[in-house]
Chemist: 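Before I ask anything, here is the structure I am working with.
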2 protein chains.
Amino acid sequence: MKLKELAEQLGLSQTTVSRALNGYPEVNKATRERVSRAALQFGYSANANARRLAIGRVGAIGILMPNDRSERFGPHTSEFFSGLAERLSQDEFDLLMSPVTNNDEIASYQRLISSKRVDAIIVTGPTLMDERVTMLIEEKFPFVLHGRTNIEAPHAWLDIDNAGAFRQAASHLLDLGHRHIAMIDGLKGHTFSEHRELGYREALQGRGVPVDPRFIVHERFSDEVAFRETQRLLACDPHPTAIIAGSMMTALGVSRAIRSEGYEIGKEVSIIAHDDVFPYLNASNMVPSMTTTRSSIRSAGIRIAEMLVRVLDGEPVEHIHEVWPVELILRQSSGPPTSPGQR
Amino acid sequence: MKLKELAEQLGLSQTTVSRALNGYPEVNKATRERVSRAALQFGYSANANARRLAIGRVGAIGILMPNDRSERFGPHTSEFFSGLAERLSQDEFDLLMSPVTNNDEIASYQRLISSKRVDAIIVTGPTLMDERVTMLIEEKFPFVLHGRTNIEAPHAWLDIDNAGAFRQAASHLLDLGHRHIAMIDGLKGHTFSEHRELGYREALQGRGVPVDPRFIVHERFSDEVAFRETQRLLACDPHPTAIIAGSMMTALGVSRAIRSEGYEIGKEVSIIAHDDVFPYLNASNMVPSMTTTRSSIRSAGIRIAEMLVRVLDGEPVEHIHEVWPVELILRQSSGPPTSPGQR
DNA sequence: ATCAAAATTCAAAGCGCTTTGAACAATAGT
DNA sequence: ACTATTGTTCAAAGCGCTTTGAATTTTGAT
């Protein structure tokens, strides 16, 4: 059923019916009631495309899905989406996931913009000089960035204090007496990864502990990779007595490797993991329970959706940015270093 | 830039430019080249809403996000989406995630349909007589169901052999000599859950082993719940010597509980888990490695996207349905039952 | 050259909605 | 009773694209 038909049914003009349904004030109360009732009865709902064409707004937020299979839809992504969705549903925004085509990310962003399929875009996983960000700023297209860049021009973003997270973790391990501390984090180039390394270095250098480049690993987040890298690390001499893991998946692989080498977690080798908080992977339920730097990626999603709404409401973006602190939560996987015989 | 402007730039009519860009045959080759080049140069890309309005097709597939936080975006969902997205991107389909509003699922589906925001819908997690399915069939709106119902009317669906999975698991445990076997699976009402229970019962009854209703648990998939329920099960007398877990998250909780009661996994108490295959939760990497019934939910997503394309191409739906077999993969977590002293 | 057929191009209508500016009806003010 | 005001409703234009049916140009055959 289309507007015209509904209007005819009611013996009214399209104008009036449209206004009644969209809550304009200049409609008689009785008429509005009658219209609403009829709309419900006939199951009328405006053709979204016609409506959008007419008003120029879409009611959808876009996210581009990287074609690279490994980056797409990890557990991080889905928790983040979940948060986004929770908030956006309040404002009846749809979430449009569009694939990157021809492996050309920038072009895909540009097409998404100029085809007017979305009102705003969410950008995730930025590099330090992310060209998507540069482009969106240039095009003046509304967006919010999850993460941070070094780009000066004002834009809206939300990031957690990644440097602080790793700094705290490393400092804590140093406090416990560790002198050989390794880190296994995400791929180089990404801001979060660089910041974490920075925090790690600061902590070590602050105590005059030399940084061993062999102990800094940048790799994909996965159980497998972490297992392999940890084995390599433990084969070093001297080997690290503590490992900071960039994600909970990484932590699983690290744990496995430590055990398989016959060490005890939290004794001979400690672990601190960054926890983005997954409902199905609980740090305190692990055996031994896992010391973590915690920051809910889901909450970040919720907040970013909020920021997006503010951006679309025309609030100036230069004031819309936040850095969230990260909590260090001590549990059993971290303790003072023990030599194998020394139990 | 809009079509009209581009056409003026080129000294051509909108008609010709439109046709050139959409690959119609009646355009001079030279002209087409010229148009394409100009479009690229000016970054022109048709306004999607106007285009959709004109052609009546959208180029997007819809999924409704349940408002119920617990059901939304679990790891299953995200793996499934990942598969969908992989395939849909080939055909340049967008994936539109729309929130359920006012907690009224059916109404939300109806609005999604009548607002013409999507060309087809994907339905997941059906019950045996799912009313969403009934409704979509009635409305003749294209959709594919992930899972199965008892609804007779023809429609497209893909399901795995859930009954077979639990039948195999239970049979294997019976073969090993277990006589007290419990199952912890998802919520009742969902088809997959009912089918699994069916398979479990068939296996037991086939051997004349009585079914103890206390040993059948239907709950949300989560580490926590599984831990608690397993503790309860192990407190029974006699307690189960084997537990079939409906998901890998469940299996984690079950493992934890078994250990915390001082039993050894695969010896005093065995586990078989259903594995939907998550890249970051690898059954063979667990300690001990986990016996599973395996079926990749990601592959299901890919396949369902394919089916969707076929449905939209007008292929009759009565032939579009598949049941995927499930593989039992033996690992260390299942073995013959051992009494505690008997090592 | 000449005309029919084929190849290109075009003007205009239509997709279903919102919104402008005008018309009409009801109410109030003098 | 008559105008000014307010409240309601309407006809028509426009959003930017596709597509129909007609017009124009090019080609090929005579």
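Each chain gets a letter, A, B and so on, in the order its sequence line appears, and its residues count up from 1. Only this structure's heavy atoms are used, side chains among them; waters, hydrogens and symmetry mates stay out.
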Chemist: Please pick, from D:dT19, D:dT9, D:dC17, the nucleotide with the shortest atom-to-atom distance to any side-chain atom of B:Leu3.
Modeler: D:dC17
Chemist: Verify whether one side chain among A:Arg117 and B:Asn47 offers a donor that lies under 3.5 Å from an acceptor in the other.
Modeler: no
Chemist: Check the distance between D:dT18's P and B:Leu6's CG and give it to me in whole angstrom.
Modeler: 12 Å
Chemist: Between D:dG16, C:dC10, C:dC17, spot the one nearest the side chain of A:Arg51, thanks.
Modeler: C:dC17
Chemist: Using whole Å, what does the distance between atom C1' of nucleotide C:dC10 and atom CG of B:Leu10 come to?
Modeler: 15 Å
Chemist: Roughly how many Å is it from CG in B:Leu53 to C1' in C:dG16, rounded to a whole number?
Modeler: 6 Å
Chemist: Indicate whether OP1 or OP2 belonging to D:dT18 is found under 4.0 Å from a side-chain N or O atom of B:Tyr24.
Modeler: no
Chemist: Output yes when at least one side-chain N/O atom of B:Ser13 is less than 4.0 Å from OP1 or OP2 of C:dC10, else no.
Modeler: yes
Chemist: Specify the residue among B:Ala50 and B:Gln14 whose closest nucleotide of DNA chain C lies further upstream toward the 5′ end.
Modeler: B:Gln14
Chemist: Write down the distance between CG (A:Asn49) and C1' (D:dC15), rounded to a whole number of angstrom.
Modeler: 13 Å
Chemist: Tell me the interatomic distance from B:Ile55, atom CD1, to C:dG16, atom C1', rounded to whole angstroms.
Modeler: 15 Å
Chemist: May I have the distance from A:Arg52 (atom CZ) to C:dC15 (atom C1'), rounded to whole angstrom?
Modeler: 15 Å
Chemist: Ignoring backbone atoms, test whether A:Tyr44 places a side-chain nitrogen or oxygen under 4.0 Å from the OP1 or OP2 oxygen of C:dC17.
Modeler: yes
Chemist: Between the side chains of B:Arg111 and B:Thr101, is a donor N or O closer than 3.5 angstrom to an acceptor N or O?
Modeler: yes
Chemist: From the options D:dT9, C:dC17, C:dT18, select the nucleotide whose nearest atom is closest to the side chain of A:Asn47.
Modeler: C:dC17
Chemist: Where do N or O atoms of nucleotides 20-26 of chain C meet protein N or O atoms at under 3.5 Å, pair by pair?
Modeler:
none

Chemist: When the distance from NZ of A:Lys116 to C1' of D:dC15 is rounded to whole Å, what number comes out?
Modeler: 10 Å
Chemist: Tell me whether the count of non-hydrogen atoms from other residues, nucleotides or ligands lying under 6.0 Å of CD in B:Glu131 goes above 12.
Modeler: no
Chemist: Figure out the CG/C1' separation between A:Leu12 and D:dT8, and round it to whole Å.
Modeler: 11 Å
Chemist: Strictly below 4.0 Å: does B:Thr16 bring a side-chain N or O up to OP1 or OP2 of C:dT8?
Modeler: no
Chemist: When you compare the side chains of B:Arg298 and B:Ser296, does any donor N or O come within less than 3.5 Å of an acceptor on the partner?
Modeler: no
